[in-house]
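Written below as structure tokens is the structure these notes are about.
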Amino acid sequence: MKKLMALMLAGVVTAAMVTGCGGADTQTDAPAETEAPAAETEAPADGETGDADVADTENGADAQESASGESDMAYVKEKGTLVVGITDFEPMDYKDESGKWIGFDADMAAAFAESLGVSVEFVEIDWDNKIMELDGKTIDCVWNGMTLTDEVKSAMECSNAYCNNAQIVIIPADQADQYQDKESLAGLSFAVEAGSAGEAQVQALGLECTPVKAQADALMEVAAKTSDAAVIDSLMAAAMVGEGTSYADLTYTVQLNDEEYGVGFRKGSDLAQALNEFFVTSYADGSMLATAETYSVQAAVIEQK
């Protein structure tokens with residue numbers, strides 16, 4: 001059933017373009033403090049961080065470099081783990097019955113980590129704080145159906161787009177005939193993921209909205225009738241809304257935009273180019289599309305070349 005719904009959404013996710021996503025979570029780093037005169041500066045003891053290293057970390061300057069001055073790729077390889085920031089977002093990142101993170105993005109992230117010779121670790125983050133988490137090095141990338149917006153691209157080193165998507169309105173199925181265009185949405189209360197493309201679209205229309213932690217929570221709000229509607233990614237809607245899903249009494253109606261997904265790394269990171277090359281290889285050998293078919297998102301995958 002998910003595959004059928006994904007195919008029905010093929011028209012929704014085509015002709016994508018980079019457009020509204022993600023809230024204003026880009027941080028401005030404070031300038032470095034003036035160092036004390038050389039005569040008064042003591043070398044740090046073993047195991048301690050010197051003032052210059054601390055200043056670099058606080059300022060976010062050359063965020064792709066580790067404390068030893070290596071590239072971001074070298075930093076990840078040295079610690080042996082690629083830490084991926086995600087949310088619970090079926091079919092991109094979600095847990096199976098055993099508690100393992102799976103999904104199109106999760107499986108591709110694991111394959112990319114393997115190509116680097118490191119293990120993968122998934123960390124569930126507050127989506128509104130994704131840039132802060134990335135710059136603070138609690139994660140190494142954001143790989144979770146992230147829309148490539150101007151704000152995201154200015155704050156992160158982003159991969160090439162790999163999937164088409166759209167923001168769509170979710171409402172109770174028995175009300176679908178009443179809400180078939182943007183004008184009909186006036187007066188509805190919306191649940192949206194904080195810092196998401198859905199939130200940006202609802203705000204742009206001047207509609208009432210309540211930010212929640214995740215898109216899955218937005219669906220719960222509509223199901224519980226605490227919100228009239230929600231706006232979520234079309235790929236998520238195909239997996240979670242309608243007949244045969246957890247939300248059989250909900251449906252999707254109005255498409256608000258077109259957009260593309262990308263992966264975000266620290267600004268200046270050499271991992272972004274490495275991922276682009278991995279995308280090209282995995283698309284050419286068929287493994288990318290095979291993974292997409294596992295989660296019924298093959299209609300949304302963008303050719304990599």
Side-chain angles (χ1 to χ4, degrees), residues 20-29 57-58 60 63-64 72 75-76 79-96 99-110 112-113 118-149 151-159 162-163 165 167 191-200 209-221 230-233 235-236 239-240 259-269 271-272 275:
C21 168
D25 49 5
T26 304
Q27 296 189 340
T28 302
D29 299 313
T57 301
E58 291 178 347
Q64 74 275 22
D72 215 20
Y75 165 69
V76 166
K79 63 191 178 80
T81 307
L82 178 71
V83 183
V84 182
I86 60 173
T87 66
D88 189 349
F89 174 13
E90 187 177 352
M92 310 309 278
D93 294 298
Y94 63 103
K95 290 183 178 180
D96 64 12
K100 176 185 176 182
W101 285 104
I102 61 172
F104 179 58
D105 280 355
D107 288 7
M108 290 297 294
F112 177 57
V118 300
S119 61
V120 67
E121 177 185 348
F122 297 102
V123 174
E124 198 166 2
I125 62 173
D126 184 330
W127 194 246
D128 208 24
N129 296 330
K130 55 188 175 293
I131 296 172
M132 180 178 68
E133 297 276 6
L134 191 62
D135 289 345
K137 287 194 171 184
T138 55
I139 60 175
D140 298 314
C141 64
V142 181
W143 198 332
N144 190 76
M146 182 178 68
T147 302
L148 293 171
T149 65
E151 292 85 357
V152 163
K153 290 187 289 186
S154 68
M156 303 182 191
E157 196 70 28
C158 294
S159 73
Y162 64 92
C163 261
N165 184 53
Q167 296 301 312
V192 294
E193 181 182 46
S196 70
E199 181 180 43
C209 69
T210 300
V212 294
K213 184 177 180 181
Q215 293 188 77
D217 296 326
L219 290 177
M220 291 174 61
E221 292 284 330
V231 174
I232 66 171
D233 290 40
L235 291 178
M236 184 180 198
M240 297 190 68
E259 59 193 35
E260 294 176 332
Y261 285 162
V263 179
F265 299 90
R266 282 178 280 276
K267 198 66 177 175
S269 175
L271 285 169
L275 179 57

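Because the structure is predicted, anything quoted here is derived from the model rather than measured. Positions are given from 1, in the same order as the sequence printed here.
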In sequence, state the C-alpha distance, the side-chain angles, and the governing distance for F112 and V263, and then conclude on side chain to side chain contact (heavy atoms under 4.5 Å, CB included). CA-CA 12 Å; F112 177 57; V263 179; over 6 Å; no
Let's go through E124 and D88 carefully: what are the C-alpha distance in whole Å and the side-chain angles of both, what is the deciding distance for side chain to side chain contact (heavy atoms under 4.5 Å, CB included) to 0.1 Å, and is it a yes or a no? CA-CA 7 Å; E124 198 166 2; D88 189 349; 3.8 Å; yes
Let's go through I86 and D105 carefully: what are the C-alpha distance in whole Å and the side-chain angles of both, what is the deciding distance for side chain to side chain contact (heavy atoms under 4.5 Å, CB included) to 0.1 Å, and is it a yes or a no? CA-CA 9 Å; I86 60 173; D105 280 355; over 6 Å; no
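Side-chain atoms of D93 come within 3.5 Å of backbone N or O of A106 as a donor-acceptor pair. The main-chain N or O of N129 is never found under 3.5 Å from a side-chain atom of E133 such that the two would form a donor-acceptor pair.
Note that CD of E199 and OG1 of T210 are 10.0 Å apart. Values are rounded to the nearest 0.5 Å. To the nearest 0.5 angstrom, I232 atom CD1 is 6.0 Å from Q215 atom CD. Note that CG of D107 and CE of M92 are 10.5 Å apart. Values are rounded to the nearest 0.5 Å.
Across every non-hydrogen atom of V118 and L82, the tightest pair is CG2-N, 4.0 Å. Summarising the geometry of S159 relative to L148, their closest heavy-atom pair is O-CD1, 4.2 Å, with the distance given to 0.1 Å. K153 and K267 get closest at one heavy-atom pair: O-NZ, 2.9 Å. Annotation for C163 and F104: closest pair SG-CE2, 3.8 Å, computed over non-hydrogen atoms. The nearest pair of heavy atoms linking A191 to A218 is O-CB, 3.6 Å. Minimum heavy-atom separation, E157 to G268: OE1-N, 2.9 Å.
Residues satisfying the salt bridge (charged side-chain N to carboxylate O under 4.0 Å, His left out) test with K95, not counting sequence neighbours, are none. Scored by the salt bridge (charged side-chain N to carboxylate O under 4.0 Å, His left out) test, D233 finds no partners at all (sequence neighbours excluded).
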Could you pull out all donor-acceptor pairs under 3.5 Å where a side-chain atom in residues 139-146 meets a protein atom, sequence neighbours excluded?
residue : atom : partner : partner atom : Å
D140    : OD1  : R266    : NH2          : 2.9
D140    : OD2  : K79     : NZ           : 2.6
D140    : OD2  : V83     : N            : 2.9
N144    : OD1  : T87     : N            : 2.9
N144    : ND2  : T87     : OG1          : 2.8

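Side-chain contact check for Y75 versus K137: some heavy-atom pair is nearer than 4.5 Å. Counting heavy atoms from C-beta outward, V123 and T138 have side chains that stay 4.5 Å or more apart. Taking 4.5 Å as the limit, every side-chain heavy atom of E193 sits out of range of all side-chain heavy atoms of D217. Residues V212 and E221 are in side-chain contact: their nearest non-hydrogen atoms beyond the backbone lie under 4.5 Å apart.
Under the 30°/60° scheme for interplanar angles, the aromatic rings of W101 and F122 are found to be tilted. Ring orientation note: the planes of Y261 and F89 are nearly perpendicular, at an angle over 60° on the 30°/60° scale.
If you check the side chains of E259 and T147, you find a donor sitting under 3.5 Å from an acceptor.
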